[in-house]
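Residue numbers begin at 1 in each chain, while the letters A, B, ... track the order of the sequences. Owing to the predicted nature of the structure, the values given are computational and were not obtained by experimental measurement.
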There are 2 protein chains.
Amino acid sequence: MIRGEQTRRNILARAVDIASVEGLEGLSIGRLATDLDVSKSGLFAHFGSKEELQLATIEAAARIFYAEVIGPALVTPPSPDRVYHLLDRWLAYSRTRVFPGGCFFARVGAEFGGRPGRIRDAIAELDCTWLGVVAQAIAQARMESDPDQLAFELNAYARAANAASLVHGDDNAYERADRAVRAALGR
Amino acid sequence: MIRGEQTRRNILARAVDIASVEGLEGLSIGRLATDLDVSKSGLFAHFGSKEELQLATIEAAARIFYAEVIGPALVTPPSPDRVYHLLDRWLAYSRTRVFPGGCFFARVGAEFGGRPGRIRDAIAELDCTWLGVVAQAIAQARMESDPDQLAFELNAYARAANAASLVHGDDNAYERADRAVRAALGR
DNA sequence: TAACTGCACGAACGATCGTACTATTACCCG
DNA sequence: CGGGTAATAGTACGATCGTTCGTGCAGTTA
């Protein structure tokens, strides 16, 4: 019981890193097993199918995201500061490469966006959750008549910075995003 | 010459559609050949390697993008209208699924963003070109002291709408993006 | 000690990947 | 019309994909 659970944890810890760069399709069982020095069949037995491995990887990434971004930002009491803190944590989460391939969800969202199925559904739900947290923080701070609209715009800045930094290999976009966030929040 | 060129065109026309959904890695030569009812080896001979096929596919997608977005918008003379027109064409390009998987460059940019190489370089250059066109239009309209900053924000709205519509399967995000663009342009 | 359970292993499956050859067709030019 | 070249087809390769199966080892329970 205990031994198996620890192995599973190790597998997923490595899986999220690989998937953030190579995608959930590029995450091959053989490659993952080789990296971890375990047998392909032993690893496979933990999940039963590739799709289950992919879903478990998304779950693991979501936990990391929550611990890195949402959790820390929610220590700030409801206020405009909390909204800024959420975005600031998100930008740091991308910039410091909590996942080596940048934002995990941007990577796999683009991969499965055009393909309906359980994986896309899981990603969509997590995206809704994140946007919901931001919108609620905005609503609680009473800083905007349309919290969802502002949440959309703030999230757009963050995602754009993540994408630009990855493609162009520099950090300039994060400064642009920070400036845009501050302007949108009236700072 | 003529016969071969036409075949190449047919191949790339199908390739961009597949790659916009499955990515440039998911674009397999066998699958592509089957779809087009040609032999795998005959198709392969046109490019010599998979990477060359991928680069040619990016080139073909860029031409379509130019014809669908940049070209039409540039008929509007330099002005705030031109800036809005550029963004409006972009949103239509994504919403009407000129590529079945949404924006081709968002898809493959996420795929190769974390992986240096010729493909990422090609994507980065095209991204720079697009942002440059938008920034120049802003500068010519003299609507902002920092055209690059505004171009970043407008592009962010568009990309976010593309991603959201794909993942969530609805068109709401395009209205949010349009609202954000109009607000940013002071309309 | 005997039976059972959880976990990982190696070997092998058929399918598909990108790529390399050779053979065959189809077209252009003299 | 015939010869040469460009374009396509055919076949085969080694590698890797996801998956299945049977087996052995470790630890717990009876």
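- The two atoms that bring B/Ser165 and B/Tyr174 nearest to each other are OG-OH, 2.9 Å, heavy atoms only.
- The distance between atom CG of A/Leu32 and atom P of D/dC17, rounded to the nearest whole Å, is 11 Å.
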Look for any protein N or O under 3.5 Å of an N or O in nucleotides 18-21 of chain C and output each such pair with its distance, or none.
unit_1: C/dG18; atom_1: OP1; unit_2: B/Lys50; atom_2: NZ; d: 2.5
unit_1: C/dG18; atom_1: OP2; unit_2: B/Ile29; atom_2: N; d: 3.0
unit_1: C/dG18; atom_1: N7; unit_2: B/Lys40; atom_2: NZ; d: 3.2
unit_1: C/dG18; atom_1: O6; unit_2: B/Lys40; atom_2: NZ; d: 3.4
unit_1: C/dT19; atom_1: OP2; unit_2: B/Lys50; atom_2: N; d: 2.6

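- Between the CG atom of B/Leu43 and the P atom of D/dT8 there is a distance of 9 Å, rounded to whole Å.
- At least one donor-acceptor pair closer than 3.5 Å links the side chain of A/Arg107 to the backbone N or O of A/Val21.
- For the pair A/His46 NE2 and D/dT19 C1', the computed distance is 16 Å after rounding to whole Å.
- The CD-P distance, from B/Gln6 to C/dA26, rounds to 18 Å in whole Å.
- A salt bridge is absent between B/Asp88 and B/Arg82: the closest approach of a Lys/Arg side-chain nitrogen to an acidic carboxylate oxygen does not fall below 4.0 angstrom.
- Note on B/Glu52 versus B/Arg118: salt bridge recorded, some NZ/NE/NH1/NH2 to OD/OE distance being below 4.0 Å.
- The closest donor-acceptor contact from the side chain of A/Arg89 to the backbone of A/Glu68 lies under 3.5 Å.
- The backbone N or O of B/Phe99 sits nowhere less than 3.5 Å from a side-chain atom of B/Asp17 that would complete a donor-acceptor pair.
- If you take CD1 of B/Ile11 and P of D/dA9, they are 9 Å apart, rounded to a whole angstrom.
- Using a 4.0 Å heavy-atom distance criterion, B/Ala45 is classed as a base contact.
- Without hydrogens or angle criteria, A/Arg14 side chain to A/Asn10 main chain gives no donor-acceptor distance under 3.5 Å.
- The side chain of A/Thr7 places no N or O atom within less than 4.0 Å of a non-bridging phosphate oxygen (OP1 or OP2) of C/dC7.
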A/Arg176 vs B/Asp146, test: salt bridge (Lys or Arg N to Asp or Glu O under 4.0 Å). Steps then yes/no.
CA-CA 11 Å; A/Arg176 294 219 175 277; B/Asp146 190 347; 3.6 Å; yes
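- The interatomic distance linking B/Glu5 (CD) with C/dA26 (C1') rounds to 18 Å, in whole Å.
- Of the possible donor and acceptor atoms, one in the side chain of A/Gln54 sits under 3.5 Å from a partner among the backbone N and O of A/Leu24.
- Near DNA chain D, defined here as any heavy-atom distance below 4.0 Å, there are no residues from residues 113-123 of chain B.
- Summarising the geometry, the separation between CZ on A/Phe47 and P on D/dT20 is reported as 16 Å, rounded to the nearest angstrom.
- Computed from coordinates, the A/Asn10 CG to C/dC7 P distance equals 14 Å when rounded to whole Å.
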